[in-house]
Amino acid sequence: MQSTPRSPLARLETMLLIRAYEQQLVALQQNGAPGTCTSVGQEACAVGVVDALDARDRILTNHRSAGHLIARGAAPERLMAEVLGRVDGYCGGRSGSLHISARELGVVLTSTIVGGELSMAPGVALAHKMGRGAPGGIVAVFFGDGAACEGIFHEALNLAVHWALPLLFVCENNQWQAFVHRLETMADPAIGEWARGHGLPVRSVDGNDAEAVHAAATEAVAHIRATGSPYFLELRTYRQRGHYEPDDQAYVDKAELQAWLQRDPIRVQGERLIGAGAIDAPGVAALERQAQERVEAALAFAQASPWPAAETLLDHVYA
Amino acid sequence: MQSTPRSPLARLETMLLIRAYEQQLVALQQNGAPGTCTSVGQEACAVGVVDALDARDRILTNHRSAGHLIARGAAPERLMAEVLGRVDGYCGGRSGSLHISARELGVVLTSTIVGGELSMAPGVALAHKMGRGAPGGIVAVFFGDGAACEGIFHEALNLAVHWALPLLFVCENNQWQAFVHRLETMADPAIGEWARGHGLPVRSVDGNDAEAVHAAATEAVAHIRATGSPYFLELRTYRQRGHYEPDDQAYVDKAELQAWLQRDPIRVQGERLIGAGAIDAPGVAALERQAQERVEAALAFAQASPWPAAETLLDHVYA
Amino acid sequence: MSKTTRMTVEQAIRQALREEMLRDPTVLLMGEGSATKHRDLVGDFGPERVRNTPLAEAIIAGTAVGAAASGLRPVVDLLFAPFMTYAMDALVNSAGKLRYLSGGQFEFPLVAMGLTGSGWCVGAQHNHNLEAMFVHAPGLKVVMPSTPADFKGLLKAAIRDDDPVLFFTDLALLYQEGEVPDADDFVVPIGRAAVARAGGDVTLVGYAKTVGVCLQAAEQLAAHGVAAEVIDLRSLKPLDEETVLRSVRKTGRLVVVHEASGLCGMAAELAALAATKAFSSLRAPVVRLTGPDAPTPSSWMLEQQVVPRPEAVAEAALGLMADQPVRAPGREEDHRMVENAV
Amino acid sequence: MSKTTRMTVEQAIRQALREEMLRDPTVLLMGEGSATKHRDLVGDFGPERVRNTPLAEAIIAGTAVGAAASGLRPVVDLLFAPFMTYAMDALVNSAGKLRYLSGGQFEFPLVAMGLTGSGWCVGAQHNHNLEAMFVHAPGLKVVMPSTPADFKGLLKAAIRDDDPVLFFTDLALLYQEGEVPDADDFVVPIGRAAVARAGGDVTLVGYAKTVGVCLQAAEQLAAHGVAAEVIDLRSLKPLDEETVLRSVRKTGRLVVVHEASGLCGMAAELAALAATKAFSSLRAPVVRLTGPDAPTPSSWMLEQQVVPRPEAVAEAALGLMADQPVRAPGREEDHRMVENAV
Ligand SMILES: Cc1ncc(C[n+]2csc(CCOP(=O)(O)OP(=O)(O)O)c2C)c(N)n1
Ligand SMILES: Cc1ncc(C[n+]2csc(CCOP(=O)(O)OP(=O)(O)O)c2C)c(N)n1
Ligand SMILES: [Mg+2]
Ligand SMILES: [Mg+2]
C-alpha cells in the first residue's frame, strides 16, 4: 500500500507511472491484447484522492481503475498480468482489466457495471461504522459523471446521508460517458447540484491539478473522520483518450480535447514543481525513464506469467 | 371524463364521493374482500390536481389511485367491480385495486411497483411531445414520498428536464411509506431539495387544501403548456388510514395523526365553502348522503357483476 | 428425537432470525419496514442491527452485498419477489459474480428474502414466482421451503452460509402450522431435498405450496392403489439431483408440479434431469404441471386457476400408470398445464 | 428467389433499423450512444427519432414502455445483456405484465436489444447469456438469430411486432458474413425455427453462435456416417415446438447446445419438451451441452472453455448413436457440460 503522507514530487512520480503503464496497455492492445479503459488525463484525480487516504481506508472503483490502483500501490506487474488474463494477476486472470480488486490494498468490490460501485459502497461503509473495519477507517468510492445519471447514485447518496456513513463520494467528471458527452445527458452544472440536494458537503475542484485535488480530499477525509458522515467531491477533468482501446474518438470535439490537453495534469504538476525548484526538466525526464523501465519490467513479468489452467474454470464460484 | 373547469363546490362533492367510496372498500374488506390502499385524507391532492387538467392530458398513478380515478370521472361502479375482480371492472378484474388503468379517461399505465409510474411517465410525455397525443396535452404523474427514494425518481427527473418533456411531477408526500415514516428514510426537507437539484420549477403546497393545490396545479400546468418543460409539485398531506386494509396503525404516532385529522381536507373545504356562504351544513350533509347512495349503488352493481370465466385466464397476455 | 413446538411458518421465520442474531453479532436485518415488523428484535439487538431502510431495493441489496463482503451477515427483506427486479444488478452482477471475477477475494454471506405465490389476489406485480431466474444466474443459492421446520432450519442455514442465498416464502404457507424442533442447533442443510412421502409407482416433485398439492394427490392416488413418492425440493439451487434421480430410477415416472411458469422453470430442469440422467429408467413421459406462462391475475376467480390442483396431479399420474401419452390440451383445467400455456 | 447482398450481421442490423425507420415514422431508436453510433440515421431521420440517452438503463427501458403504449415504436439499445438487470422492472413488471393486468388496454410494441456471449474477454459483467430469464418471464418475446439474413428479417419483424421483444445479438457473430435478401418486405416471422441442415439420425439444436458449432459437428458426424439434423431456434419465445418435435420424433435423439447455463435454460426447456411430448420417439438420453453454471471469466484461456466445441457435440451425438449412456463427468472437456457444471 502507498506510504502516506506523500509529497507533490511523489505524486508526480506516481502520475508518470500510471501514464507509462496505460500507454503500455495501449500499445499492447494494438498488438492484439484485450482493450482497456484508460484514465489518461485523470491521473491527478487518482493520486490526489488516494494520497489523502491511509491504510485503514477502503476504496471502490470501476472500469477505469488503473490510476486508483497504482496510486494505492498496486504492482504494475500484477495489474498487467491481470489485464492479460494470467494467473499472477490480482484476480488470477478472471477479472481482466474491467473489475480489478486488490483486497490486500483495500481496493474492494470493483465493478464494471456503471453504478455498481455506488450500490456496494454504502454497505462497506456501514460495516466500518459497525466496527468491522479498521477503527477510524473511511470508504472512498470513485465513479464517473455517467454513473451519476444512474438511479443508484440517488439511492446511495440518500442512504449515506441518512445513515451517516463514513463515505467519500468522488465523481471524476471527465466530460464523457462512453461515446456520449456529459452535456448530452444532463444539465450544466448538474452533478454537484444533485448532490447538494442531499444536504451533504459538496465541493467541486479542478481535477487536473493534483495538489488542488489532494487539498480538497484531505479536507474531505478529515471531515468524514471527524463527523462520521459523507462528503461529496466533484473532480472536473477530461478523458484524453477514447472510451476504451481502440477508439478513434471521431465523435470528440477536437477544440475541447486540445484545450484540456494544454492542461494535462502531469504537465501541470511538472511545471509547478520545476517552478518551485523541487526538480528540473532533466529530473522529470529521468523520472519518466524510470517509470518506463518499471512498466517494461511489468510487461515482461506479465507475459511470462502462465495462463490459468482450464481445470480451474469452476474455481471460486462458491465459497 | 370530468368536465373542467370545476368549482370549489364540485371539488367538495368529488372529495365526498372519493371518501364514501373508500369507506365502502374498508367495510368490504372487513367482510372478506381484498384489502386496498386507501387515499383517505389525500382527496384534496387528487381533485386539486386533476381539476387542473383537461381531456388532452394523461395521468399515471399507482397503488393509491382511487382519488385520481374518481376525480377524473371514473365510475365507482366499475372501480368497485375491478376491486372485486369482476368482468365489469375497468381491467376486467385482472388488476384488482392495485393497478387500475382507465385508458378511456386518460389514466394510463398504472403500476403498483413503487416508481413504476415514474419510469413510464417520461415515455408517455415523449410521445405527446412527438405528436402522438392530443396537441397541447401534458402528462401528470402521481407518486408518493417513498417513490422519491427509488433511483428511478432521479432518472425520470433528469430525463424529463434534459429532454424538456411536458410532465407534471406530483409527489403526494403523505408522510408514510407503508410501515415506515418518511423521516426514517430521508432528510427533512428532502424531496423538494432533490427536485430543485434538477433545475426545474418546484413548488411545495398544503396538500390538505384543495384550492391551494388547485391554484398551484393550474399554474404548473400553464407553465408546462407554455414551455413544454416539466414542473414539480410536492403536496404535503397525510395518510389517515393504514398502508392498506386492514392495518391497525400500531406504529403510527397518535399525536401526529390527530393533528392531521384536525386538518382533514374535506373538513377544510367544507368550512371554506360554508364560510363563503356557498353552501350550509345541511347542504354538505345532503351531498354526503348523495355520495353514500352513489357508492351503495356502485356496490350493488359490482356485486352483481359476473366473475371472469376461467377459460379467459390466458387472454390479453399478448397482442 | 429432541422436543418440538408447534408453530406457523411466520413464527418459524421469526425464531430463526432471533436465534441467528443471538448466535452471531454480525447478523443484520434490513428492509422496508423490517424494524417496524420486528419491534422485538430492535428491542433485543438494537436499531443498528435491525433497520428500516429507505424505499429503494437496489441500494438495500447493494448495501447487503457491500456489507457481506466486509464482515457482516445481512439478511434483507425485499418483500414481494417482483420488487427484486430493482435489486437485480446487486444480486446477479455483484453478489453472484464478484467472488468469481475477483479470483475468490470476497465472500457474500447474505440472505435476500422475498414473497411469492398466489393466495392474496394481488396480481402479477406482487405475485410472480420468479425463483427460476435466480437458479439460472450463477453464484447464487436458492431456497424455498414448505414446512415450518424447514423454514426455520433452512433460514438458519442460509444465514450461516458464506454464499448469497435467495430465500423465497410462498405466502400461502405463512400461517400454516407444523412441528419445529426446539434445539438451537437445528439446521436444515441447503441442497438436500426431502422425501415427503415414500412410494414406488410414480414420483411427484414439488416445492413450496405444491408439496401439499402433491401430498394430497398422493392420497388420492393411494385410493387408486398407486403408491406415489412425493419429493419436496426445499433447495432449488444447489439442486439435490441424487434424491430426485434415485426416486425416478425407482418409479420410472415423473410429474413435476409448481406454480411458476414451466418455461425454463424448475419443471423444465427436472424433466431435463430425468431425460439426461435417468432416461433408461423412464417408463412414461415426464409431465409438467405448472402455472401458466402468463402474468398472474388479481381476480380471485382467475387466481385460483393458476395453482396446480391435486386432482390434476393425480389424473396426470394415473395417465402415466396407464402409460397413456400425456393427454392433449383442451380440457377445462388444461390451461394450468404448461403444455397448453405456452 | 429475389436478389441478395452479402453483408455482416452488424450491417444487417443497421439495414433493418434504417428500413423500418423509413417505413414507419413512429419507430424511434434510443440508447447510450445510439445517436453517436448511428450518425447516418440521425442525419436521415433527425435527432428526435435517434437519441443518445443519459446513462440510465431503467429510465431508457421505462421510457420505451411508456412511449410504446402511447403510439411510438421504440427500439432501445441496452448494450451488454447484464446491463439489462437495471431495466428489469420496466421489462418484466411493466412491458410484460401491464397489458394483461389492464385487461388488454395497452400494447407494447418495443424492442430491447442486448449483446451476449463470449469472444471479447470482457468477463461476466459484460458476458452473460441471460436470455432464458426473459423466456421465463411472461408477456415477452425473445429472439436470438444466427445468420445475417435472420438478424435483418427478425429485427424487422420485432420492430413491427405489437408485443415487447428482447432481441439478443451474440457478439461473436457481429462480423460474420452471409447473404441477405434485398427485398424491403423481407421479414422473418418470430416463432419459427429453421432447419439449418437436414438429417435423420440425431437432432442438434442450437441458437446464436452454437448453430455454427452444431453445423461443424454435423460435418464431423457425416464423416462417421451419421446424418445430423441441425435446428436453429432463432426465436426462443415463442418457441417453435413443432419443428423441434418433428425432428426429434424422426431421429429419436436430441443434443441441445448453447452457451448459456443449462440450469433452467433453453436446453432444459428443450429436453423437457422431448421428455414430455416426444418421449415415445426417444431412443437415447437427451444431452445438454451448455456453458457452465458459473460467471464467465475474462482470461482468454478460460473464456475459450465456456463455449461448447464441435468435437464435444459430435462426441455426444456419437455416444447416442452407440446408445451408450451419457458419459460420466470428469473428462477434460466435461466442465463444459451442465451435468458437471451444476
Ligand atoms: C450499467 C452499465 N451501463 C453501461 C455500461 C457501458 N459503459 C461502460 S463505461 C460507460 C461510460 C461510463 O461513464 P462514466 O460513469 O462517466 O465513467 P467514465 O467511463 O467516463 O470513467 C458505459 C456506458 C456499463 N458498463 N454498465
Ligand atoms: C418496488 C416496490 N417496493 C415496495 C413495494 C411495497 N409497497 C407498496 S406501497 C409502499 C409504500 C409507498 O410509499 P409512497 O411512495 O410514499 O406511497 P404511499 O403508499 O404513501 O401513497 C410499499 C413499500 C412496492 N409495491 N414496490
Ligand atoms: Mg465520464
Ligand atoms: Mg407516502
Side-chain angles (χ1 to χ4, degrees), chain A residues 32-35 63 81-87 89 91-100 110-116 119 144-154 177-182 184-186 190 243-244 250-252 306-318, chain D residues 31-39 42 47 51-60 62 77 79-80 82-87 89 119-128 261 291-306 329-336 340-342:
Chain A
H63 55 284
E82 188 58 49
V83 171
L84 296 183
R86 309 304 176 88
V87 292
C91 307
R94 277 171 166 59
S95 162
S97 72
L98 292 171
H99 3 57
I100 303 179
T110 306
S111 172
T112 185
I113 297 294
V114 169
S119 88
D145 47 299
C149 296
E150 297 277 8
I152 196 71
F153 168 85
H154 173 71
Q177 304 169 9
F179 311 108
V180 181
H181 194 280
R182 168 181 63 95
E184 263 192 280
T185 73
M186 55 178 68
H243 168 49
Y244 62 72
Y251 54 90
V252 170
W307 289 104
E311 307 79 64
T312 65
L313 179 70
L314 300 182
D315 296 352
H316 304 307
V317 176
Y318 290 104
Chain D
E32 298 156 8
S34 290
T36 312
K37 181 176 177 187
H38 297 281
R39 278 271 166 84
V42 179
R51 295 169 176 259
N52 279 342
T53 63
L55 210 178
E57 291 72 15
I59 201 66
I60 294 169
D77 183 357
L79 307 178
F80 290 85
F83 311 160
M84 289 180 169
T85 54
Y86 275 152
D89 168 59
W120 291 357
C121 299
V122 283
Q125 289 187 330
H126 282 74
N127 173 4
H128 185 186
S261 162
D293 176 37
T296 321
S298 295
S299 174
W300 172 81
M301 177 58 72
L302 294 178
E303 190 193 50
Q304 282 199 93
Q305 309 299 320
V306 306
R331 299 246 224 91
E332 189 277 315
E333 70 275 39
D334 265 5
H335 45 69
R336 286 193 305 277
N340 196 12
V342 178

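Just so it is clear, the model here is predicted, and its values are computed rather than measured. Chain naming here is simple, since letters A, B, ... match the order of the sequence lines and numbering starts at 1 in each.
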- Residue, of D:Ala35, D:Pro54, D:Gly33, that accumulates the most heavy atom pairs under 4.5 Å with chain A: D:Pro54
- Which atoms of A:Ala148 come close to chain D, meaning under 4.5 Å heavy atom to heavy atom: side chain ones, backbone ones, both, or neither? neither
- Query: A:His99, A:Arg182, A:His316, A:Glu82: which one forms the most heavy-atom pairs within less than 4.5 Å of chain D?
  - Reply: A:His99
- Task: Just give me the residue among A:Ala250, A:Gly85, A:Pro34 that pairs up with chain D most often, heavy atom to heavy atom, under 4.5 Å.
- Result: A:Gly85
- Can you tell which part of D:Arg51 gets under 4.5 Å to a heavy atom of chain A, answering side chain, backbone, both or neither? neither
- Residues at least two apart in sequence or cross-chain that pass side chain to side chain donor-acceptor pair (under 3.5 Å) with A:Thr312, listed by chain then number, are none
- When D:Trp120, D:Phe83, D:Tyr86 are compared by non-hydrogen pairs under 4.5 Å with chain A, the top option: D:Tyr86
- Task: Mind listing the closest non-hydrogen atom pair of A:Gly115 and A:Ala147 along with its distance?
- Result: N-CB, 4.1 Å
- Of all the heavy-atom pairs spanning D:Asn127 and D:Pro82, show the shortest one and how long it is. N-CG, 4.3 Å
- Under a 4.5 Å heavy-atom cutoff, which of A:Gly96, A:Ser111, A:Ala178 has the most pairs with chain D? A:Ser111
- Determine whether A:Cys149 and D:Thr53 make a side-chain contact, defined as any pair of heavy atoms from C-beta on separated by less than 4.5 Å. no
- Just jot down the side chain to side chain donor-acceptor pair (under 3.5 Å) partners of A:Gln177, sequence neighbours excluded, or say none. A:Asp145, A:Thr185
- Got a donor-acceptor contact below 3.5 angstrom from the D:Glu303 side chain to the D:Cys121 backbone? yes
- Under a 4.5 Å heavy-atom cut-off, does chain D meet the side chain of A:Leu98, its backbone, both or neither? side chain
- Query: What part of A:Thr112 gets closer than 4.5 Å to chain D, counting heavy atoms only: side chain, backbone, both or neither?
  - Reply: both
- Specify the closest pair of heavy atoms between A:Glu150 and D:Ala56, including all atoms of both residues, with the distance to one decimal. OE1-CA, 3.5 Å
